Visitor: 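The structure under discussion is supplied below as C-alpha coordinates; questions concerning it will follow.
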Number of protein chains: 2
Amino acid sequence: MIRVEHLTKVYDTGIVRVQALTDVNLEVRKGEFLAVMGPSGSGKSTLLNILGCLDRATSGSYHLEGIPINTLDENELAHIRNRKIGFVFQTFNLLPRMDALRNVEVPMLYSGVGPRERRKRAWEALEKVGLADHALHRPNELSGGQRQRVAIARALVNDPDIILADEPTGNLDTRSGLEIMAIIQGLNRQGATVILVTHEHEISRHAQRVVHFRDGRLVRTEVIAEP
Amino acid sequence: MIRVEHLTKVYDTGIVRVQALTDVNLEVRKGEFLAVMGPSGSGKSTLLNILGCLDRATSGSYHLEGIPINTLDENELAHIRNRKIGFVFQTFNLLPRMDALRNVEVPMLYSGVGPRERRKRAWEALEKVGLADHALHRPNELSGGQRQRVAIARALVNDPDIILADEPTGNLDTRSGLEIMAIIQGLNRQGATVILVTHEHEISRHAQRVVHFRDGRLVRTEVIAEP
Ligand SMILES: Nc1ncnc2c1ncn2[C@@H]1O[C@H](COP(=O)(O)OP(=O)(O)OP(=O)(O)O)[C@@H](O)[C@H]1O
Ligand SMILES: Nc1ncnc2c1ncn2[C@@H]1O[C@H](COP(=O)(O)OP(=O)(O)OP(=O)(O)O)[C@@H](O)[C@H]1O
Ligand SMILES: [Mg+2]
Ligand SMILES: [Mg+2]
(Lines give C-alpha, C1' and ligand atoms only; values in the text may rest on other atoms or scores of the structure.)
(Ligands and ions follow the chains in the order given, each with its own letter.)
Protein backbone atom coordinates (compact mmCIF):
# COMPACT_ATOMS: atom_id res chain seq x y z
CA MET A 1 0.00 0.00 0.00
CA ILE A 2 2.72 2.48 1.05
CA ARG A 3 6.36 1.87 0.23
CA VAL A 4 9.10 4.36 1.04
CA GLU A 5 12.71 3.63 0.07
CA HIS A 6 15.86 5.57 0.93
CA LEU A 7 13.73 8.63 1.55
CA THR A 8 15.70 11.78 2.27
CA LYS A 9 14.46 15.34 2.75
CA VAL A 10 16.70 18.35 2.91
CA TYR A 11 15.35 21.83 3.47
CA ASP A 12 17.70 24.37 1.96
CA THR A 13 16.62 27.99 1.99
CA GLY A 14 20.06 29.48 1.56
CA ILE A 15 20.19 30.82 5.11
CA VAL A 16 19.16 27.54 6.63
CA ARG A 17 19.97 23.93 5.62
CA VAL A 18 18.37 21.09 7.55
CA GLN A 19 18.46 17.39 6.77
CA ALA A 20 15.02 16.59 8.13
CA LEU A 21 14.87 12.93 6.95
CA THR A 22 17.75 10.59 6.14
CA ASP A 23 17.49 7.25 4.33
CA VAL A 24 14.04 6.29 5.62
CA ASN A 25 12.76 2.85 4.58
CA LEU A 26 9.22 1.93 5.49
CA GLU A 27 6.39 -0.26 4.31
CA VAL A 28 2.81 0.11 5.50
CA ARG A 29 0.26 -2.59 4.61
CA LYS A 30 -3.25 -1.77 3.51
CA GLY A 31 -5.44 -1.43 6.57
CA GLU A 32 -2.55 -1.22 8.99
CA PHE A 33 -2.54 1.15 11.97
CA LEU A 34 0.93 2.62 12.42
CA ALA A 35 2.04 5.11 15.07
CA VAL A 36 5.04 7.40 14.55
CA MET A 37 6.92 8.73 17.56
CA GLY A 38 10.10 10.66 18.28
CA PRO A 39 11.44 13.84 19.86
CA SER A 40 10.49 17.32 18.75
CA GLY A 41 12.20 18.07 15.44
CA SER A 42 12.96 14.45 14.57
CA GLY A 43 11.17 14.52 11.20
CA LYS A 44 7.68 13.15 11.92
CA SER A 45 5.66 15.96 10.30
CA THR A 46 8.09 16.05 7.39
CA LEU A 47 7.47 12.34 6.76
CA LEU A 48 3.73 12.76 7.03
CA ASN A 49 3.72 15.68 4.60
CA ILE A 50 5.57 13.59 2.01
CA LEU A 51 3.26 10.60 2.54
CA GLY A 52 0.30 12.98 2.21
CA CYS A 53 1.62 14.30 -1.15
CA LEU A 54 1.92 17.78 0.35
CA ASP A 55 5.69 17.91 -0.06
CA ARG A 56 8.29 16.12 -2.17
CA ALA A 57 11.28 14.09 -1.03
CA THR A 58 14.75 15.33 -1.99
CA SER A 59 15.77 11.78 -2.95
CA GLY A 60 14.53 8.23 -2.59
CA SER A 61 11.16 6.88 -3.70
CA TYR A 62 7.57 6.78 -2.49
CA HIS A 63 5.07 4.34 -3.95
CA LEU A 64 1.40 4.59 -3.00
CA GLU A 65 -0.62 1.57 -4.12
CA GLY A 66 2.10 0.95 -6.70
CA ILE A 67 2.00 4.52 -8.09
CA PRO A 68 5.45 6.19 -8.11
CA ILE A 69 4.52 9.46 -6.42
CA ASN A 70 7.79 11.22 -7.35
CA THR A 71 6.81 11.15 -11.02
CA LEU A 72 3.43 12.86 -10.59
CA ASP A 73 2.78 16.51 -11.36
CA GLU A 74 0.92 18.93 -9.10
CA ASN A 75 -2.52 18.16 -10.54
CA GLU A 76 -2.07 14.44 -10.18
CA LEU A 77 -0.85 14.87 -6.61
CA ALA A 78 -3.84 17.03 -5.76
CA HIS A 79 -6.15 14.40 -7.23
CA ILE A 80 -4.61 11.65 -5.11
CA ARG A 81 -4.70 13.81 -2.00
CA ASN A 82 -8.35 14.52 -2.41
CA ARG A 83 -9.50 11.04 -3.36
CA LYS A 84 -7.41 8.88 -1.08
CA ILE A 85 -6.06 10.83 1.85
CA GLY A 86 -7.54 12.49 4.90
CA PHE A 87 -4.96 14.72 6.63
CA VAL A 88 -5.15 16.10 10.16
CA PHE A 89 -2.56 18.88 10.43
CA GLN A 90 -0.53 19.53 13.58
CA THR A 91 -1.52 23.18 13.29
CA PHE A 92 -5.10 22.47 12.16
CA ASN A 93 -4.91 24.82 9.10
CA LEU A 94 -8.57 25.81 9.13
CA LEU A 95 -9.79 28.60 6.86
CA PRO A 96 -10.27 31.56 9.20
CA ARG A 97 -13.23 33.20 7.50
CA MET A 98 -15.43 30.11 7.26
CA ASP A 99 -17.37 28.58 10.10
CA ALA A 100 -16.70 25.04 11.28
CA LEU A 101 -19.43 23.58 9.06
CA ARG A 102 -18.04 25.10 5.89
CA ASN A 103 -14.50 24.18 6.84
CA VAL A 104 -15.56 20.56 7.12
CA GLU A 105 -17.28 20.76 3.71
CA VAL A 106 -14.10 21.86 1.89
CA PRO A 107 -12.75 18.39 0.90
CA MET A 108 -16.18 17.51 -0.52
CA LEU A 109 -16.13 20.59 -2.77
CA TYR A 110 -12.99 19.19 -4.37
CA SER A 111 -14.43 15.71 -4.77
CA GLY A 112 -17.59 17.00 -6.42
CA VAL A 113 -20.18 16.12 -3.78
CA GLY A 114 -23.48 18.00 -4.22
CA PRO A 115 -24.51 20.77 -1.79
CA ARG A 116 -27.24 18.91 0.11
CA GLU A 117 -25.07 15.83 0.63
CA ARG A 118 -22.13 18.04 1.68
CA ARG A 119 -24.24 19.83 4.28
CA LYS A 120 -25.60 16.55 5.64
CA ARG A 121 -22.21 14.85 5.89
CA ALA A 122 -20.58 17.91 7.44
CA TRP A 123 -23.22 17.97 10.19
CA GLU A 124 -22.73 14.26 10.83
CA ALA A 125 -18.96 14.64 11.01
CA LEU A 126 -19.24 17.52 13.49
CA GLU A 127 -21.70 15.55 15.62
CA LYS A 128 -19.29 12.66 15.66
CA VAL A 129 -16.57 14.84 17.21
CA GLY A 130 -19.03 16.48 19.62
CA LEU A 131 -19.18 19.89 17.95
CA ALA A 132 -22.66 20.10 16.42
CA ASP A 133 -23.49 23.04 18.70
CA HIS A 134 -20.42 24.94 17.51
CA ALA A 135 -21.01 24.40 13.78
CA LEU A 136 -21.51 28.11 13.10
CA HIS A 137 -18.43 29.25 15.00
CA ARG A 138 -15.44 30.43 13.06
CA PRO A 139 -11.99 29.19 14.10
CA ASN A 140 -11.17 32.23 16.25
CA GLU A 141 -14.41 31.59 18.14
CA LEU A 142 -13.35 28.08 19.02
CA SER A 143 -11.08 26.71 21.72
CA GLY A 144 -7.81 25.00 20.76
CA GLY A 145 -9.25 21.54 21.22
CA GLN A 146 -12.40 22.48 19.30
CA ARG A 147 -10.32 23.64 16.33
CA GLN A 148 -8.43 20.39 16.48
CA ARG A 149 -11.66 18.44 16.37
CA VAL A 150 -12.92 20.44 13.38
CA ALA A 151 -9.65 19.57 11.62
CA ILE A 152 -10.26 15.91 12.43
CA ALA A 153 -13.86 16.02 11.19
CA ARG A 154 -12.67 17.64 7.96
CA ALA A 155 -10.05 14.91 7.42
CA LEU A 156 -12.59 12.11 7.81
CA VAL A 157 -15.56 13.52 5.92
CA ASN A 158 -14.56 12.07 2.52
CA ASP A 159 -14.21 8.60 4.06
CA PRO A 160 -10.57 8.34 2.91
CA ASP A 161 -8.59 5.11 2.34
CA ILE A 162 -5.64 6.60 4.19
CA ILE A 163 -5.78 8.71 7.33
CA LEU A 164 -2.65 10.72 8.16
CA ALA A 165 -3.00 12.34 11.57
CA ASP A 166 -0.31 14.65 12.96
CA GLU A 167 -0.76 14.75 16.74
CA PRO A 168 -4.59 14.70 16.57
CA THR A 169 -4.99 14.66 20.36
CA GLY A 170 -2.24 17.15 21.27
CA ASN A 171 -4.74 19.80 22.37
CA LEU A 172 -7.39 17.51 23.79
CA ASP A 173 -8.15 16.47 27.35
CA THR A 174 -7.88 12.77 28.02
CA ARG A 175 -11.54 11.98 27.50
CA SER A 176 -11.91 13.88 24.19
CA GLY A 177 -8.66 12.26 23.09
CA LEU A 178 -10.05 8.79 23.74
CA GLU A 179 -13.25 9.65 21.88
CA ILE A 180 -11.19 10.69 18.86
CA MET A 181 -9.09 7.51 19.07
CA ALA A 182 -12.29 5.45 19.15
CA ILE A 183 -13.45 7.15 15.93
CA ILE A 184 -10.09 6.58 14.23
CA GLN A 185 -9.92 3.00 15.42
CA GLY A 186 -13.44 2.39 14.11
CA LEU A 187 -12.42 3.65 10.67
CA ASN A 188 -9.33 1.45 10.77
CA ARG A 189 -11.47 -1.60 11.46
CA GLN A 190 -13.59 -0.67 8.46
CA GLY A 191 -10.44 -0.81 6.33
CA ALA A 192 -8.75 2.61 6.44
CA THR A 193 -4.96 2.66 6.67
CA VAL A 194 -3.94 4.93 9.55
CA ILE A 195 -0.58 6.62 10.15
CA LEU A 196 -0.69 8.66 13.32
CA VAL A 197 2.05 10.86 14.78
CA THR A 198 1.89 11.18 18.53
CA HIS A 199 4.01 12.13 21.51
CA GLU A 200 1.78 10.27 23.92
CA HIS A 201 2.65 6.75 24.89
CA GLU A 202 -0.98 6.00 25.75
CA ILE A 203 -2.16 7.03 22.31
CA SER A 204 0.53 4.99 20.54
CA ARG A 205 -0.81 1.83 22.20
CA HIS A 206 -3.90 2.03 19.97
CA ALA A 207 -1.70 1.17 16.98
CA GLN A 208 -0.50 -2.25 15.79
CA ARG A 209 3.06 -1.09 15.17
CA VAL A 210 5.11 1.93 16.27
CA VAL A 211 8.13 3.38 14.43
CA HIS A 212 10.50 5.65 16.33
CA PHE A 213 12.40 8.54 14.78
CA ARG A 214 15.47 10.38 15.98
CA ASP A 215 17.29 13.13 14.06
CA GLY A 216 15.52 12.27 10.81
CA ARG A 217 16.21 8.55 10.93
CA LEU A 218 13.89 5.63 11.61
CA VAL A 219 15.75 4.04 14.47
CA ARG A 220 13.42 1.43 15.94
CA THR A 221 10.27 -0.52 15.18
CA GLU A 222 8.01 -1.81 17.93
CA VAL A 223 5.26 -4.37 17.40
CA ILE A 224 2.31 -3.97 19.74
CA ALA A 225 0.10 -6.76 21.00
CA GLU A 226 -3.39 -6.64 19.40
CA PRO A 227 -4.94 -3.47 20.92
CA MET B 1 -1.44 38.91 44.08
CA ILE B 2 -4.30 37.82 41.77
CA ARG B 3 -7.90 38.08 42.89
CA VAL B 4 -10.83 37.21 40.64
CA GLU B 5 -14.40 37.62 41.90
CA HIS B 6 -17.66 36.59 40.22
CA LEU B 7 -15.87 36.62 36.89
CA THR B 8 -18.11 36.00 33.93
CA LYS B 9 -17.30 36.09 30.22
CA VAL B 10 -19.87 35.96 27.49
CA TYR B 11 -18.92 35.97 23.82
CA ASP B 12 -21.74 37.42 21.78
CA THR B 13 -21.16 37.94 18.08
CA GLY B 14 -24.78 38.07 17.06
CA ILE B 15 -24.66 34.72 15.31
CA VAL B 16 -23.06 33.00 18.24
CA ARG B 17 -23.53 33.45 22.00
CA VAL B 18 -21.35 31.47 24.39
CA GLN B 19 -21.04 31.82 28.14
CA ALA B 20 -17.40 30.84 28.36
CA LEU B 21 -16.94 31.60 32.10
CA THR B 22 -19.56 31.78 34.84
CA ASP B 23 -19.07 33.20 38.32
CA VAL B 24 -15.42 32.29 38.73
CA ASN B 25 -13.85 33.09 42.11
CA LEU B 26 -10.14 32.53 42.49
CA GLU B 27 -7.18 33.84 44.48
CA VAL B 28 -3.57 33.15 43.57
CA ARG B 29 -0.83 34.05 46.04
CA LYS B 30 2.41 35.68 44.99
CA GLY B 31 4.88 32.98 44.01
CA GLU B 32 2.26 30.25 43.84
CA PHE B 33 2.29 27.56 41.13
CA LEU B 34 -1.27 26.84 40.02
CA ALA B 35 -2.38 24.36 37.36
CA VAL B 36 -5.68 24.74 35.49
CA MET B 37 -7.36 21.68 34.02
CA GLY B 38 -10.65 20.79 32.39
CA PRO B 39 -12.22 19.42 29.21
CA SER B 40 -11.85 21.04 25.80
CA GLY B 41 -14.00 24.16 25.67
CA SER B 42 -14.38 24.49 29.44
CA GLY B 43 -13.02 28.07 29.57
CA LYS B 44 -9.33 27.66 30.44
CA SER B 45 -7.87 29.81 27.65
CA THR B 46 -10.60 32.38 28.21
CA LEU B 47 -9.60 32.66 31.87
CA LEU B 48 -5.92 32.92 31.01
CA ASN B 49 -6.56 35.64 28.43
CA ILE B 50 -8.42 37.71 31.03
CA LEU B 51 -5.69 37.17 33.64
CA GLY B 52 -3.11 38.13 31.02
CA CYS B 53 -4.95 41.40 30.29
CA LEU B 54 -5.53 40.29 26.69
CA ASP B 55 -9.29 40.23 27.05
CA ARG B 56 -11.86 41.77 29.37
CA ALA B 57 -14.43 40.07 31.56
CA THR B 58 -18.11 40.70 30.85
CA SER B 59 -18.79 41.12 34.58
CA GLY B 60 -17.08 40.54 37.92
CA SER B 61 -13.70 41.92 38.98
CA TYR B 62 -10.03 41.15 38.54
CA HIS B 63 -7.41 42.66 40.85
CA LEU B 64 -3.73 42.19 40.05
CA GLU B 65 -1.46 43.23 42.95
CA GLY B 66 -4.35 45.36 44.18
CA ILE B 67 -4.87 47.13 40.84
CA PRO B 68 -8.47 46.89 39.59
CA ILE B 69 -7.79 45.71 36.05
CA ASN B 70 -11.34 46.41 34.78
CA THR B 71 -10.77 50.14 35.21
CA LEU B 72 -7.62 50.35 33.08
CA ASP B 73 -7.52 51.60 29.50
CA GLU B 74 -5.75 49.86 26.62
CA ASN B 75 -2.42 51.62 27.17
CA GLU B 76 -2.35 50.81 30.85
CA LEU B 77 -3.21 47.16 30.13
CA ALA B 78 -0.44 46.97 27.54
CA HIS B 79 2.00 48.41 30.05
CA ILE B 80 1.08 45.83 32.69
CA ARG B 81 1.24 43.01 30.15
CA ASN B 82 4.69 43.96 29.08
CA ARG B 83 6.17 44.65 32.50
CA LYS B 84 4.64 41.90 34.60
CA ILE B 85 3.40 39.06 32.45
CA GLY B 86 4.98 36.41 30.25
CA PHE B 87 2.35 34.63 28.15
CA VAL B 88 2.76 31.33 26.32
CA PHE B 89 -0.10 31.05 23.83
CA GLN B 90 -1.85 27.76 23.05
CA THR B 91 -1.36 28.57 19.36
CA PHE B 92 2.13 30.08 19.79
CA ASN B 93 1.29 33.30 17.88
CA LEU B 94 4.78 33.84 16.48
CA LEU B 95 5.38 36.55 13.88
CA PRO B 96 5.74 34.64 10.61
CA ARG B 97 8.26 36.86 8.88
CA MET B 98 10.79 37.05 11.70
CA ASP B 99 13.22 34.33 12.63
CA ALA B 100 13.14 32.67 16.06
CA LEU B 101 15.76 35.04 17.46
CA ARG B 102 13.85 38.18 16.53
CA ASN B 103 10.58 36.67 17.71
CA VAL B 104 12.12 36.15 21.13
CA GLU B 105 13.40 39.74 21.16
CA VAL B 106 9.94 41.25 20.66
CA PRO B 107 8.94 41.69 24.37
CA MET B 108 12.26 43.41 25.02
CA LEU B 109 11.57 45.96 22.26
CA TYR B 110 8.47 47.00 24.20
CA SER B 111 10.27 47.17 27.52
CA GLY B 112 13.05 49.34 26.09
CA VAL B 113 16.00 46.97 26.35
CA GLY B 114 18.98 48.04 24.16
CA PRO B 115 19.91 46.08 21.01
CA ARG B 116 23.04 44.34 22.30
CA GLU B 117 21.37 43.23 25.52
CA ARG B 118 18.31 42.04 23.55
CA ARG B 119 20.44 39.95 21.23
CA LYS B 120 22.36 38.43 24.13
CA ARG B 121 19.26 37.55 26.15
CA ALA B 122 17.44 36.16 23.13
CA TRP B 123 20.36 33.78 22.42
CA GLU B 124 20.40 32.70 26.06
CA ALA B 125 16.65 32.07 26.09
CA LEU B 126 16.85 29.98 22.91
CA GLU B 127 19.76 27.99 24.30
CA LYS B 128 17.77 27.31 27.43
CA VAL B 129 14.98 25.69 25.39
CA GLY B 130 17.47 23.82 23.19
CA LEU B 131 16.99 25.85 20.02
CA ALA B 132 20.21 27.81 19.59
CA ASP B 133 20.91 26.00 16.31
CA HIS B 134 17.50 27.00 14.96
CA ALA B 135 17.74 30.67 15.88
CA LEU B 136 17.68 31.82 12.25
CA HIS B 137 14.73 29.68 11.23
CA ARG B 138 11.41 31.35 10.66
CA PRO B 139 8.27 29.75 12.15
CA ASN B 140 7.33 27.87 8.96
CA GLU B 141 10.82 26.35 8.98
CA LEU B 142 10.31 24.97 12.47
CA SER B 143 8.54 21.87 13.74
CA GLY B 144 5.43 22.21 15.93
CA GLY B 145 7.37 21.56 19.10
CA GLN B 146 10.12 23.94 18.07
CA ARG B 147 7.59 26.74 17.53
CA GLN B 148 6.15 26.01 20.93
CA ARG B 149 9.58 26.30 22.50
CA VAL B 150 10.23 29.63 20.75
CA ALA B 151 6.92 30.86 22.20
CA ILE B 152 8.09 29.73 25.64
CA ALA B 153 11.48 31.43 25.28
CA ARG B 154 9.73 34.63 24.23
CA ALA B 155 7.44 34.53 27.28
CA LEU B 156 10.34 34.15 29.71
CA VAL B 157 12.88 36.54 28.21
CA ASN B 158 11.70 39.59 30.18
CA ASP B 159 11.95 37.66 33.46
CA PRO B 160 8.29 38.30 34.26
CA ASP B 161 6.68 38.26 37.73
CA ILE B 162 3.79 36.22 36.39
CA ILE B 163 4.01 33.38 33.87
CA LEU B 164 0.76 32.39 32.17
CA ALA B 165 1.27 29.26 30.09
CA ASP B 166 -1.51 27.80 27.95
CA GLU B 167 -0.65 24.14 27.33
CA PRO B 168 3.10 24.79 26.96
CA THR B 169 3.93 21.10 26.49
CA GLY B 170 1.01 20.12 24.22
CA ASN B 171 3.27 19.68 21.20
CA LEU B 172 6.33 18.34 22.98
CA ASP B 173 7.62 14.83 23.47
CA THR B 174 7.90 13.70 27.07
CA ARG B 175 11.53 14.61 27.48
CA SER B 176 11.30 18.11 25.98
CA GLY B 177 8.17 18.62 28.10
CA LEU B 178 10.06 17.75 31.27
CA GLU B 179 12.90 20.10 30.29
CA ILE B 180 10.40 22.92 29.89
CA MET B 181 8.74 22.11 33.23
CA ALA B 182 12.18 22.21 34.88
CA ILE B 183 12.74 25.72 33.48
CA ILE B 184 9.31 26.89 34.63
CA GLN B 185 9.72 25.32 38.04
CA GLY B 186 13.13 26.98 38.41
CA LEU B 187 11.57 30.38 37.70
CA ASN B 188 8.81 29.64 40.21
CA ARG B 189 11.41 28.88 42.89
CA GLN B 190 13.04 32.24 42.10
CA GLY B 191 9.72 33.92 42.87
CA ALA B 192 7.61 33.97 39.68
CA THR B 193 3.90 33.26 40.02
CA VAL B 194 2.92 30.54 37.53
CA ILE B 195 -0.54 29.71 36.19
CA LEU B 196 -0.34 26.83 33.75
CA VAL B 197 -3.15 25.28 31.72
CA THR B 198 -2.61 21.63 30.90
CA HIS B 199 -4.49 18.54 29.86
CA GLU B 200 -1.78 16.25 31.12
CA HIS B 201 -2.06 14.80 34.58
CA GLU B 202 1.71 14.32 34.80
CA ILE B 203 2.34 17.99 34.08
CA SER B 204 -0.26 19.16 36.62
CA ARG B 205 1.65 17.33 39.36
CA HIS B 206 4.42 19.94 39.11
CA ALA B 207 2.03 22.52 40.58
CA GLN B 208 1.15 23.16 44.23
CA ARG B 209 -2.58 23.45 43.55
CA VAL B 210 -4.86 22.45 40.68
CA VAL B 211 -8.22 24.02 39.83
CA HIS B 212 -10.62 22.10 37.61
CA PHE B 213 -13.05 23.73 35.17
CA ARG B 214 -16.17 22.36 33.55
CA ASP B 215 -18.53 24.32 31.28
CA GLY B 216 -17.05 27.65 32.32
CA ARG B 217 -17.23 27.03 36.07
CA LEU B 218 -14.50 26.33 38.60
CA VAL B 219 -15.80 23.10 40.04
CA ARG B 220 -13.02 21.66 42.13
CA THR B 221 -9.75 22.58 43.81
CA GLU B 222 -7.05 20.02 44.47
CA VAL B 223 -4.06 20.61 46.75
CA ILE B 224 -0.95 18.73 45.74
CA ALA B 225 1.72 17.49 48.10
CA GLU B 226 4.98 19.49 47.82
CA PRO B 227 6.30 18.53 44.36
N1 LIG C 1 -14.13 34.61 20.37
C2 LIG C 1 -15.06 33.70 20.72
N3 LIG C 1 -16.35 33.83 20.31
C4 LIG C 1 -17.28 32.92 20.66
N5 LIG C 1 -17.05 31.85 21.44
C6 LIG C 1 -15.78 31.66 21.86
C7 LIG C 1 -14.72 32.54 21.51
N8 LIG C 1 -13.58 32.07 22.07
C9 LIG C 1 -13.91 30.95 22.74
N10 LIG C 1 -15.23 30.69 22.60
C11 LIG C 1 -15.99 29.59 23.20
O12 LIG C 1 -15.82 29.67 24.61
C13 LIG C 1 -15.69 28.36 25.16
C14 LIG C 1 -14.42 28.28 25.99
O15 LIG C 1 -13.30 28.40 25.15
P16 LIG C 1 -11.81 28.26 25.71
O17 LIG C 1 -10.91 28.57 24.56
O18 LIG C 1 -11.64 29.06 26.94
O19 LIG C 1 -11.74 26.72 26.08
P20 LIG C 1 -10.50 25.85 26.62
O21 LIG C 1 -10.87 25.32 27.96
O22 LIG C 1 -9.24 26.62 26.49
O23 LIG C 1 -10.50 24.64 25.61
P24 LIG C 1 -9.27 23.79 24.97
O25 LIG C 1 -8.83 22.87 26.06
O26 LIG C 1 -9.94 23.09 23.84
O27 LIG C 1 -8.21 24.74 24.55
C28 LIG C 1 -15.72 27.37 24.00
O29 LIG C 1 -17.02 26.79 23.93
C30 LIG C 1 -15.45 28.23 22.78
O31 LIG C 1 -16.17 27.75 21.65
N1 LIG D 1 10.39 24.48 5.79
C2 LIG D 1 11.46 24.16 6.54
N3 LIG D 1 12.66 24.73 6.31
C4 LIG D 1 13.74 24.41 7.05
N5 LIG D 1 13.75 23.50 8.04
C6 LIG D 1 12.58 22.90 8.32
C7 LIG D 1 11.37 23.19 7.61
N8 LIG D 1 10.38 22.44 8.14
C9 LIG D 1 10.91 21.71 9.14
N10 LIG D 1 12.23 21.98 9.25
C11 LIG D 1 13.19 21.37 10.18
O12 LIG D 1 13.17 19.97 9.94
C13 LIG D 1 13.27 19.26 11.17
C14 LIG D 1 12.13 18.28 11.30
O15 LIG D 1 10.91 18.97 11.41
P16 LIG D 1 9.53 18.23 11.64
O17 LIG D 1 8.47 19.27 11.58
O18 LIG D 1 9.39 17.08 10.71
O19 LIG D 1 9.69 17.65 13.12
P20 LIG D 1 8.64 16.88 14.05
O21 LIG D 1 9.20 15.56 14.35
O22 LIG D 1 7.28 16.93 13.45
O23 LIG D 1 8.66 17.74 15.37
P24 LIG D 1 7.49 18.11 16.42
O25 LIG D 1 7.30 16.90 17.25
O26 LIG D 1 8.13 19.25 17.19
O27 LIG D 1 6.28 18.52 15.66
C28 LIG D 1 13.30 20.30 12.28
O29 LIG D 1 14.64 20.47 12.71
C30 LIG D 1 12.79 21.56 11.63
O31 LIG D 1 13.41 22.72 12.17
MG1 LIG E 1 5.56 17.89 13.98
MG1 LIG F 1 -7.59 26.42 25.29
Side-chain angles (χ1 to χ4, degrees), chain A residues 11-18 20 37-46 48 89-92 94 99-100 129-131 133-149 166-167 169-177 179-180 197-202 212-214 216, chain B residues 11-18 20 37-46 49 89-92 94 99-100 129-131 133-149 166-167 169-177 179-180 197-202 212-214 216:
Chain A
Y11 292 110
D12 199 333
T13 59
I15 303 172
V16 150
R17 184 187 186 285
V18 177
M37 301 188 79
S40 176
S42 55
K44 309 179 294 297
S45 295
T46 301
L48 225 65
F89 292 88
Q90 187 171 6
T91 47
F92 322 150
L94 302 176
D99 58 28
V129 298
L131 287 177
D133 53 351
H134 286 78
L136 304 183
H137 288 229
R138 286 189 279 163
N140 69 340
E141 296 166 341
L142 292 171
S143 76
Q146 290 167 343
R147 288 176 213 175
Q148 188 156 39
R149 282 182 277 155
D166 202 343
E167 315 235 13
T169 62
N171 274 282
L172 299 178
D173 55 286
T174 310
R175 181 168 152 194
S176 307
E179 289 169 3
I180 292 304
V197 171
T198 183
H199 283 310
E200 296 176 60
H201 187 77
E202 295 305 304
H212 295 266
F213 277 78
R214 180 171 286 281
Chain B
Y11 293 108
D12 198 333
T13 59
I15 305 171
V16 151
R17 185 187 185 285
V18 176
M37 300 188 79
S40 175
S42 56
K44 307 179 297 295
S45 296
T46 301
N49 288 340
F89 292 88
Q90 186 170 9
T91 47
F92 321 151
L94 301 177
D99 59 28
V129 298
L131 287 178
D133 52 353
H134 286 78
L136 304 183
H137 287 229
R138 286 190 279 165
N140 69 340
E141 297 166 340
L142 292 171
S143 77
Q146 290 166 343
R147 288 177 213 173
Q148 188 157 39
R149 284 182 276 156
D166 201 342
E167 314 235 15
T169 62
N171 274 283
L172 298 179
D173 55 286
T174 309
R175 182 166 150 194
S176 308
E179 290 169 2
I180 292 303
V197 171
T198 182
H199 285 306
E200 296 176 60
H201 186 76
E202 295 305 303
H212 295 266
F213 277 78
R214 179 171 285 284

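All of these numbers come straight from a predicted model, not from anything done at the bench. In what follows, chains are A, B, ... by sequence order, proteins preceding strands, each numbered from 1.
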Visitor: Going by heavy atoms in the side chains, are A/Val197 and A/Gln90 under 4.5 Å from each other?
Guide: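 No, their side chains stay 4.5 Å or more apart.
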
Visitor: With a 4.5 angstrom heavy-atom cut-off, is it the side chain or the backbone of A/Ser143 that approaches chain B, or both, or neither?
Guide: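 Just its side chain gets close to chain B.
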
Visitor: Does any heavy atom of chain A fall under 4.5 Å from the side chain of B/Ser45, the backbone, both, or neither of them?
Guide: neither

Visitor: Enumerate donor-acceptor pairs with a distance under 3.5 Å from any side-chain N or O in residues 133-142 of chain B to protein atoms, sequence neighbours excluded.
Guide:
from     : atom 1 : to       : atom 2 : distance (Å)
B/His134 : NE2    : B/Gln146 : NE2    : 3.4
B/His137 : ND1    : B/Glu141 : O      : 2.9
B/Glu141 : OE1    : B/Arg138 : N      : 3.0

Visitor: Can you check whether A/Ser40's main-chain N or O pairs, donor with acceptor, with B/Asp173's side chain at less than 3.5 Å?
Guide: yes

Visitor: Non-hydrogen atoms of chain B under 4.5 Å away: do they reach the side chain of A/Thr13, the backbone, both or neither?
Guide: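 Just the side chain, heavy atoms under 4.5 Å.
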
Visitor: Just to verify, what does A/Arg175 make a salt bridge (charged side-chain N to carboxylate O under 4.0 Å, His left out) with, not counting sequence neighbours?
Guide: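 Salt bridge (charged side-chain N to carboxylate O under 4.0 Å, His left out) list for A/Arg175, sorted by chain: A/Glu179.
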
Visitor: Measuring heavy-atom distances to chain B, does A/Ser176 have an atom under 4.5 Å in its side chain, in its backbone, in both, or in neither?
Guide: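 It is the side chain, since no backbone atom gets that close.
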
Visitor: Out of A/Gln148, A/Met37, A/Arg147, A/Arg149, which one racks up the most heavy-atom pairs below 4.5 Å with chain B?
Guide: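 Looking at each option in turn, the highest pair count goes to A/Arg149.
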
Visitor: For B/His212, is there any backbone N or O sitting under 3.5 Å from a side-chain donor or acceptor partner on B/Lys44?
Guide: no

Visitor: Heavy-atom pairs under 4.5 Å with chain A are the metric here; pick the option from B/Thr198, B/Asp99, B/Val16 that has the most.
Guide: B/Val16

